[in-house]
Amino acid sequence: MSDAFTYGLHEIGRDIWAWLQPDGQWGYSNAGLITNGDHSLLVDTLYDLNLTTRMLTDMRDATPAARQIDMLVNSHADGDHTYGNQLVKGARIIASAATANEFFADRPERLREVLAKADMLGEGAQYIAAYMGGGRFDFDDVVTTPPTETYEREALLKVGDKDVRLYNVGPAHTAGDTLIHSVHDKVVYTGDILFNDGHPAIWAGSIDGWMAACDLILSLDVDIVVPGHGRLTDKNGVRTFKAYLEMLRREARLRFEAGMTVEEAAADIVFEPPFDSWILPERIVGSINFLYRQWGSPHAEPDFLKMFDMIARYANRRAECLSGRHSATCGHAH
Ligand SMILES: [Zn+2]
């Protein structure tokens with residue numbers, strides 16, 4: 001397996017590919033393609049029509065089987081994995097029933113509004129605009145295109161002679177996350193059950209379910225793990241990520257019991273290697289907020305944009321801290 005974390009299509013076995021988008025930050029998700037003979041299965045689309053068109057074009061250039069995609073499996077409903085669905089014409093679109101129920105919750109119209117009014121909506125909206133705006137993505141012509149078929153807990157799909165098993169491991173990152181296991185290829189696509197080398201966005205689903213999902217991946221006969229964001233990995237990447245979830249739950253709980261607010265808890269946690277080098281550390285604010293909400297804390301913030309205000313404050317403080325301007329007050333070792 002090539003370790004190169006470069007943009008675009010990576011052949012990871014015989015008639016199987018991963019589409020990677022470094023560095024895997026907000027909106028830059030991975031996808032996949034499994035083929036056999038004339039048959040094809042696409043794992044996820046991308047965050048807008050331009051990105052998805054480029055991916056589908058490169059896949060068609062790589063293999064004739066991708067000229068007509070037979071099946072599209074959406075790992076979950078988040079826009080960075082589904083907003084290109086309308087371009088996969090004529091394909092069966094398959095997802096867990098719980099994912100199908102979430103398809104209209106994350107609408108491009110709302111994101112367009114936040115981006116358009118970011119200056120008025122506050123620092124959280126401005127943070128979102130800094131990552132998702134500026135022409136990086138174009139949400140104008142995205143039409144929410146939901147699954148045409150759903151399954152409950154497990155399903156077996158045939159791509160020519162290849163067996164592809166679907167496991168609904170939700171609630172985990174969302175209500176109904178799907179693992180896509182190409183059995184003979186020994187490859188699993190995890191969707192956002194795995195963020196590799198980056199802090200995860202935990203604000204829905206279940207952290208216990210998420211850890212159980214990691215265990216399920218570890219029980220599969222796989223050599224290559226394609227994360228929802230970040231570079232390709234193997235089971236070691238899954239073990240590391242599960243250790244992160246355990247660390248997060250433990251450290252958040254200690255601070256919850258000590259009566260700290262969400263922002264105090266987030267500022268107080270110092271990341272040990274390898275987590276100290278992961279991108280988007282400010283996501284821990286949203287993750288702690290989610291756990292606090294589940295634990296019934298009065299400090300938890302239910303409003304999505306206000307949660308992003310907290311995320312933005314953490315990111316801004318950390319940027320100041322790293323630039324040396326805040327060394328006396330930010331509490332980090334320098
Ligand atoms: Zn994602």
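Numbers here are sequence positions counted from 1. Quick note: numbers below take in every heavy atom, side chains included, and nothing from hydrogens, waters or symmetry partners.
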Worksheet item: Name the one of Asn74, Asp80, Asp78 that satisfies side chain to side chain donor-acceptor pair (under 3.5 Å) with His76?
Response: Asp78
Fill in: Check: Gly230 main-chain N/O paired with Asn30 side-chain donor or acceptor under 3.5 Å
yes
Worksheet item: Under 6.0 Å from the CZ atom of Arg110, do we count more than 12 heavy atoms belonging to anything else shown?
Response: no
Worksheet item: Sub-3.5 Å donor-acceptor pair from the side chain of Lys235 to the main-chain atoms of Val225, do we have one?
Response: no
Fill in: Between OG1 on residue Thr233 and CZ on residue Phe5, distance to nearest 0.5 Å
11.5 Å
Practice prompt. Anything under 30° is parallel, anything over 60° is perpendicular, the rest tilted; go ahead and classify Phe241 against Trp210.
Written response: tilted
Worksheet item: Under the salt bridge (Lys or Arg N to Asp or Glu O under 4.0 Å) criterion, do Lys162 and Asp185 qualify, and how do the steps go?
Response: CA-CA 8 Å; Lys162 287 186 179 180; Asp185 296 313; 3.0 Å; yes
Discussion item. When you measure from the side chain of Ser206 to the backbone of Ala172, do you find a donor-acceptor pair of N or O atoms at a distance under 3.5 Å?
Written reply: no
Discussion item. Using modelled atom types and a 3.5 Å cut-off, is there a donor and acceptor pairing between side-chain atoms of Asn289 and backbone atoms of Ala300?
Written reply: no
Fill in: Worked check of ring pair (Phe, Tyr, Trp, His ring centres under 6.0 Å) between Trp17 and His10
CA-CA 5 Å; Trp17 292 265; His10 294 252; over 10 Å; no
Discussion item. Please report whether the ring centroid of Phe195 lies less than 6.0 Å from that of Tyr244.
Written reply: no
Worksheet entry | Arg165 side-chain N/O to Glu154 backbone N/O, donor-acceptor pair under 3.5 Å | no
Worksheet item: Do Leu42 and Phe103 sit in the same hydrophobic cluster, where Ile, Leu, Val, Met, Phe, Trp and Tyr count as joined when their side-chain heavy atoms come under 4.5 Å apart?
Response: no
Worksheet item: How about Ser75 and Asp44: does a side-chain donor come under 3.5 Å of a side-chain acceptor?
Response: yes
Worksheet item: So with a 6.0 Å cut-off around CD of Glu109, is the heavy-atom count from everything else above 12?
Response: yes
Practice prompt. Write down the atom of Thr240, the atom of Pro274, and the distance for their closest heavy-atom approach.
Written response: CG2-CG, 3.8 Å
Discussion item. Looking at every non-hydrogen atom in both residues, tell me the closest pair between Trp203 and Arg293 and how far apart they are.
Written reply: O-NH2, 3.8 Å
Practice prompt. Start with the C-alpha distance between Arg231 and Asp197, add both sets of side-chain angles, then the distance that settles salt bridge (Lys or Arg N to Asp or Glu O under 4.0 Å), and finish with yes or no.
Written response: CA-CA 8 Å; Arg231 65 173 63 242; Asp197 297 334; 3.6 Å; yes
Fill in: Evaluation steps, salt bridge (Lys or Arg N to Asp or Glu O under 4.0 Å), between Arg249 and Asp208
CA-CA 9 Å; Arg249 188 174 60 178; Asp208 294 324; 2.2 Å; yes
Response to the item:
Students should find that the hydrophobic cluster of Val183, defined by side-chain heavy atoms under 4.5 Å apart, otherwise consists of none
Fill in: Worked verdict on Thr178 versus Tyr167 for side-chain contact (heavy atoms from CB on, under 4.5 Å)
CA-CA 5 Å; Thr178 291; Tyr167 297 93; over 6 Å; no
Fill in: Point-to-point distance, once rounded to the nearest 0.5 Å, from CG of Leu111 to CD1 of Ile128
7.5 Å
Worksheet, complete the sentence: For Met55 and Ala31, the nearest pair of non-hydrogen atoms, with its separation, is SD-CB, 3.7 Å
Fill in: Donor-acceptor side-chain pairing of Glu282 and Tyr127 below 3.5 angstrom
yes
Practice prompt. May I ask you to say whether Arg92 pairs ionically with Glu149, meaning some side-chain N is under 4.0 Å from a carboxylate O?
Written response: yes
Discussion item. Does the plane of the ring in Tyr28 sit parallel, tilted or perpendicular to the ring in Phe137? Use 30° and 60° as the thresholds.
Written reply: tilted
Worksheet entry | Closest non-hydrogen atom pair between Asp177 and His173, with its separation | OD1-N, 3.1 Å
Worksheet item: Under 3.5 Å, is there a donor-acceptor pair linking the side chains of Asn316 and Arg313?
Response: no
Item to complete: Would you indicate whether Asp276, at its atom CG, is surrounded by more than 12 heavy atoms from other residues, nucleotides or ligands within a distance under 6.0 Å?
Response: yes
Item to complete: Take Glu251 and Arg255 through the salt bridge (Lys or Arg N to Asp or Glu O under 4.0 Å) test and state the conclusion after the steps.
Response: CA-CA 7 Å; Glu251 298 300 321; Arg255 288 159 179 83; 2.8 Å; yes
Practice prompt. May I ask you to decide if Gly84's main-chain N or O and Thr45's side chain share a donor-acceptor pair within less than 3.5 Å?
Written response: yes
Worksheet item: Which atoms form the tightest heavy-atom contact between Ser96 and Gly176, and what is the distance?
Response: OG-O, 2.8 Å
Worksheet item: Looking at Glu113 and Lys117, does any basic side-chain N land under 4.0 Å from a carboxylate oxygen?
Response: yes
Item to complete: Drop me the distance from Ser287's OG to Met307's CE, to the nearest 0.5 angstrom.
Response: 8.5 Å
Worksheet item: How are the rings of His199 and Trp278 set to each other: parallel, tilted or perpendicular (split at 30° and 60°)?
Response: perpendicular
Worksheet item: Does Asp141 offer a backbone N or O that forms a donor-acceptor pair with the side chain of Gln86 under 3.5 Å?
Response: yes
Worksheet item: Stepwise, does the side chain to side chain donor-acceptor pair (under 3.5 Å) test hold for Ser182 with Tyr189?
Response: CA-CA 8 Å; Ser182 189; Tyr189 301 90; over 6 Å; no
Worksheet item: Taking everything shown except Lys306 itself, do over 12 heavy atoms lie less than 6.0 Å from its NZ?
Response: no
Discussion item. Which heavy atom of Ile69 sits nearest to which heavy atom of Ala66, and what is that distance?
Written reply: CD1-O, 3.8 Å
Discussion item. Tell me whether Lys242 is salt-bridged to Asp215, with the criterion being a basic N under 4.0 Å from an acidic carboxylate O.
Written reply: yes
Item to complete: Could you label the plane-to-plane angle of the His299 and Tyr292 rings as parallel, tilted or perpendicular, counting under 30° as parallel and over 60° as perpendicular?
Response: tilted
Item to complete: Might you work through the side-chain contact (heavy atoms from CB on, under 4.5 Å) test for Thr82 and Leu46, ending with a clear yes or no?
Response: CA-CA 6 Å; Thr82 61; Leu46 305 177; over 6 Å; no
Practice prompt. For Gln21 and Tyr7, run side chain to side chain donor-acceptor pair (under 3.5 Å): C-alpha distance rounded to whole Å, both residues' side-chain angles, the deciding distance at 0.1 Å, then the answer.
Written response: CA-CA 5 Å; Gln21 298 195 92; Tyr7 195 93; 2.8 Å; yes
Discussion item. Between Val159 and Ser40, is the side-chain contact (heavy atoms from CB on, under 4.5 Å) condition met? List the steps.
Written reply: CA-CA 6 Å; Val159 182; Ser40 56; 5.6 Å; no
Practice prompt. Examine Leu254 and Phe275 and state if one hydrophobic cluster contains both, with Ile, Leu, Val, Met, Phe, Trp and Tyr joined whenever side-chain heavy atoms are less than 4.5 Å apart.
Written response: no
Worksheet item: Looking only at atom types and distance, does a side-chain atom of Lys186 sit under 3.5 Å from a main-chain N or O of Asp223, one as donor and one as acceptor?
Response: no
Worksheet item: About how many Å separate CG of Leu179 and CG of Leu216, when rounded to the nearest 0.5 Å?
Response: 5.5 Å
Worksheet entry | Check: Val143 main-chain N/O paired with Thr145 side-chain donor or acceptor under 3.5 Å | yes
Practice prompt. Dump the intermediate steps for side-chain contact (heavy atoms from CB on, under 4.5 Å) on Tyr131 and Arg136, then the final yes or no.
Written response: CA-CA 8 Å; Tyr131 277 101; Arg136 277 181 199 81; 5.7 Å; no
Discussion item. Strictly distance-based, threshold 3.5 Å: is any side-chain N or O of Gln294 a donor or acceptor partner for the main-chain N or O of Leu291?
Written reply: no
Worksheet item: Can you tell me if CG on Asp163 sees more than 12 non-hydrogen neighbours from other groups inside 6.0 Å?
Response: yes
Worksheet item: Is Trp295 reachable from Met247 through a run of hydrophobic residues whose side-chain heavy atoms are each under 4.5 Å from the next?
Response: yes
Worksheet item: Nearest 0.5 Å, what's the CG-CZ distance between Asp234 and Arg239?
Response: 8.0 Å
